Protein chains: 2
Amino acid sequence: MGTASVSVPPPRRRVLVVDDDPTVAEVVASYLDRAGFAVDRAADGPAAVARAAAARPDLVVLDLMLPGMDGLEVCRAIRQDGPVPVVMLTARGDEDDRILGLEVGADDYVTKPFSPRELVLRVESVLRRASALPARGPWLRSGTLALDPAARRALRDGVELQLTIREFDLLAFFLRHPGRVLGREELMRRVWGWEFGDLSTVTVHVRRLREKVEDDPARPRLISTVWGVGYRFDPEPGADADAGETTGVAADGGGTDG
Amino acid sequence: MGTASVSVPPPRRRVLVVDDDPTVAEVVASYLDRAGFAVDRAADGPAAVARAAAARPDLVVLDLMLPGMDGLEVCRAIRQDGPVPVVMLTARGDEDDRILGLEVGADDYVTKPFSPRELVLRVESVLRRASALPARGPWLRSGTLALDPAARRALRDGVELQLTIREFDLLAFFLRHPGRVLGREELMRRVWGWEFGDLSTVTVHVRRLREKVEDDPARPRLISTVWGVGYRFDPEPGADADAGETTGVAADGGGTDG
DNA sequence: CGGCCGACGTCCGTGTTTCGTAAGGTTCCT
DNA sequence: AGGAACCTTACGAAACACGGACGTCGGCCG
């Protein structure tokens, strides 16, 4: 009801391409895009892990040789949040790489140099094979909030929120870690994928997110500030809705905090 | 004595399966049963709502296509009595269904035709997520005090205390070492991380902490002064130790603070 | 092709919170 | 009684969060 006029985007599979070479990444992304995939990109390990955690792609194309973080490590890290099909890019056709890749959980691999068409075929193949598995993530819920990571849709009280990419990722991360204090550094690392950076960026985005999510952004109830430490997402105490105690802290009496 | 030999009484999760097709329902119920769930069944909307209201299942497996009452309506109706995880069965993997499911409050969905094994996996996954949250990190408790280090939350008699960083860390340290005298130097080292420093800092902070924690800060019962040595945190002396474990210092796990 | 607009990262001024220390007063032990 | 340890209060400085605003980049539309 209500939001009818919005034309539903086709259920495009989302692929995360991880490669530090801009040229390679560009070509791969381009081909995948033309093949009908929604392509996300990351240039290094931490960024890849962050984006994978935030966006939950249907498949990851992962270069084995990455600066800083090893590709295998990245693969492991990504897989820790759930099973995701991975197609690896390896420099040589060595058995070594193949073994390593398969060991770590890659579903297929392509050796450089490769034809983009072949890569697309492999991706499609792996996805076809994996479509029978529980790959697509469920919904995230807490109180009156509901997020659909796959469709990148956010609802509050059944009303769609118009969130930007960063805002969505940030909120999704909060929903995945309810009731826990998340420091700015941690958020910067796991949502932005930056190891260093101006932490005020986080502050500002939290502020903008509050603007859209909170009833009274000046007195936030969902994303509360923990002074000197960071922010904490709390399941709704329930001022308006009846349902909502799924994850709630039972013994809560005084909601007065301001 | 008597009930010793009984290994944990099976806390079987109860699942309500709602499907008008007896074959589907039978298969699903069978698999869920074998997976260790207590299965209840309903063939149509009204029956489902009634059984859900009566039995309060831990999860509902709900067919979207039901005779008479719409599956979405059923979902809404069931949810009105409280938040219950719902796994939807949909005919096609349409975005439409996905969006509807999101709006109506489902937690996951499976498209027909589906493998019963996958459904079981989804059910377990949703349940795991729903029940894992309250059992988050270990709390520090003692008497009427309860600290949640991960959330940086402090409760006394279920009422939240407004502690600053230092106060929280200090209290947490006391709770981790109940009944032991802690010298100012030691506190300065392990709470502040300073090797040297004005010890009166500790004194003042203990005072400020007492102000918020003690009933009568002038006559402290929790954090008592040991003259010439330091302070000692005592698990509450009688009268109020009603809440289960008096001194449940959970697994350590290492210092969080730095 | 150029202008418009949204998203994003950064910077700055301001009000608030927290912290460490200093300065008396009080209690306790010898 | 004397001295040391402890309590209490007060205050300045620093850290912190917030809101507003600006410049840039990229996509979209005219």
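Proteins get letters first, then strands, A, B, ... in listed order; numbering begins at 1 in each. As the structure is a prediction and not an experimental result, all values here were calculated from the model.
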Answer yes when A/Lys212 and A/Glu167 have at least one side-chain N-carboxylate O distance shorter than 4.0 Å, and no when they do not.
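Salt bridge between A/Lys212 and A/Glu167, a charged N being under 4.0 Å from a carboxylate O: yes.
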C/dC19, OP1 or OP2 - any side-chain N/O from B/Thr164 closer than 4.0 Å?
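Affirmative; the distance criterion is met.
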Nearest atoms (heavy-atom pairs only) where B/Ala146 meets B/Trp139:
CB-CE3, 3.8 Å
OP1 or OP2 of C/dA22 under 4.0 Å from side-chain N/O of B/Ser200:
no
I need the CG-C1' distance between A/Leu199 and D/dC18, as an integer number of Å.
15 Å
Do A/Val61 and A/Leu16 have side chains that get closer than 4.5 Å, going by heavy atoms?
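Not in contact.
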Indicate, with a heavy-atom threshold strictly under 4.0 Å, whether B/Arg208 touches base, sugar-phosphate, or nothing.
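Base contact - B/Arg208 has a heavy atom under 4.0 Å of at least one base atom.
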In this structure, CZ of B/Arg210 is separated from CG of B/Leu170 (nearest 0.5 Å) by 10.5 Å
Just checking B/Thr201: base, sugar-phosphate only, or nothing, at a heavy-atom cut-off of under 4.0 Å?
base
Distance below 4.0 Å between A/Trp192 side-chain N/O and C/dC8 OP1 or OP2:
no
A/Leu209 atom CG is separated from D/dG19 atom P, nearest whole Å, by 13 Å
Does A/Tyr231 place a side-chain N or O at less than 4.0 Å from the phosphate oxygens OP1/OP2 of D/dC16?
no
Atom NE2 of A/His205 to atom P of C/dA7: distance rounded to whole Å?
11 Å
